[in-house]
Amino acid sequence: MTEFLLLRRVLWRLVLERSGTLDAQDVLVLEERLHDMIDSLVAECVVAYFDRATSELAHQARHDALTNLLNHAAFTRELELELERAKRYASSVTLLFFDFDDFKEINDTHGHQAGDHALAGVAEILRGELRRSDVAGRMGGDEFAAFLVESDPETGKSFLARLESRISELVASGELTVPIAISAGLARSPEDGQDADGLFAVADRRLYEAKRSKAA
């Protein structure tokens, strides 16, 4: 805005310097055109600024700041919409719900910055394994979820195996700088439930069954 106001002054000064060769009516016409041009540019910039600001705020409202995945509320809403679509077309959706093993120990031993780096790294791995139609989110803390559309009974298992393999590769290579392992639960619609709450309940139960089996 300030730059446009300065531009208006500069241009008007140039007009005045040459006004000796113009009659009064021509000066008034030039002044009106100059003001209209600057006002139009200012209006366009203001609209563009607020469009961008609104878009950024909408993105921030739906996404987790650390991982840039959907946040809990946005992910759950997208899952509910996908489940409604799946009912209409008699298709299946697989929910994967996982968290880190001993995440508190990572924070306590290596520091919260290392913990944040681990969360962001796993989020990037998760994002890289998704198809364009699949969706992932951070549910809070070290809990993540993804839903896989048009899935068969083996889709979730295959996806989880690829995810765990990729995490192990990056830990071994040092790209992930702390030891990371995950435990996960899978639930599939319509067999395990037909709404988001039902699927999360089943996936959560299976996640803790996986943790108990590791501890046994």
Whether over 12 other heavy atoms sit under 6.0 Å from Arg77 CZ: no
Minimum-distance pair of heavy atoms, taken over all atoms of Ala123 and Leu69: CB-CD1, 3.7 Å
Heavy-atom side-chain proximity of Arg131 to Val149 below 4.5 angstrom: yes
Asn68 vs Arg127 side-chain heavy atoms within contact, under 4.5 Å: yes
Donor-acceptor under 3.5 Å (Ser165 side chain, Arg162 main chain): no
Side chain Ser151, main chain Thr94, donor-acceptor under 3.5 Å: yes
Gap between atom NZ of Lys87 and atom OG of Ser189 - 0.5 Å precision: 7.5 Å
Aromatic ring pairing Phe98/Phe144, orientation class (parallel under 30°, perpendicular over 60°, tilted between): parallel
Salt-bridge contact Asp192-Arg206 (side-chain N to carboxylate O under 4.0 Å): yes
Phe97 with Leu70, same ILVMFWY side-chain cluster at under 4.5 Å: yes
Close side-chain approach of Ser183 and Lys214, heavy atoms under 4.5 Å: yes
Spatial distance of atom CD1 (Ile182) from atom CD1 (Ile167) [nearest 0.5 Å]: 4.0 Å
Joint hydrophobic cluster, Leu176 plus Leu126, side-chain heavy atoms closer than 4.5 Å: yes
Within-4.5 Å side-chain heavy-atom neighbours: Asp99 and Tyr208: yes
Point-to-point distance, once rounded to the nearest 0.5 Å, from NE2 of His63 to CG of Asn71: 8.0 Å
Any donor-acceptor pair under 3.5 Å from Asp101 side chain to Ile180 backbone: no
Asp102 (side chain) donor-acceptor with Glu105 (main chain) under 3.5 angstrom: no
Gln194 side chain reached by Leu83 side chain, heavy atoms, under 4.5 Å: no
Neighbour count >12 (heavy atoms, 6.0 Å) for atom CD, Glu191: yes
Distance (rounded to the nearest 0.5 Å) between Ile106 CD1 and His117 NE2: 11.0 Å
Leu130 side, atom CG; Leu163 side, atom CG - distance, nearest 0.5 Å: 9.0 Å
Side chain to side chain, Glu209 and Ser213, heavy atoms closer than 4.5 Å: no
Short N-O contact, Glu154 and Arg188, less than 4.0 angstrom: no
Ion pair Arg166/Glu175, N-O distance below 4.0 Å: no
Over all atoms of both residues, closest heavy-atom pair of Arg138 and Leu119: NH2-CD1, 3.5 Å
Distance in Å, Asp195 CG paired with Thr76 OG1, rounded so as to fall on 0.5 Å steps: 11.0 Å
Contact check, side chains of Phe100 and Val122, non-hydrogen atoms, under 4.5 Å: yes
Matching residue for Leu96 among Leu186, Thr155, Leu148 - test: side chain to side chain contact (heavy atoms under 4.5 Å, CB included): Leu186
pair Val171-Ser168: side-chain heavy atoms closer than 4.5 Å: no
Parallel, tilted or perpendicular: rings of Phe200 and Phe75 (30°, 60°): perpendicular
Minimum heavy-atom distance Ser92-Pro190, with the two atoms named: OG-CD, 3.9 Å
ILVMFWY network linking Phe159 to Phe147, side-chain heavy atoms under 4.5 angstrom: no
Lys/Arg N to Asp/Glu carboxylate O, Glu84 vs Arg88, below 4.0 Å: no
Where Val93 and Ala86 come nearest, the two heavy atoms and their spacing: CG2-CB, 3.8 Å
Heavy-atom pair of closest approach, residues Leu95 and Ala145: CD1-CB, 4.3 Å
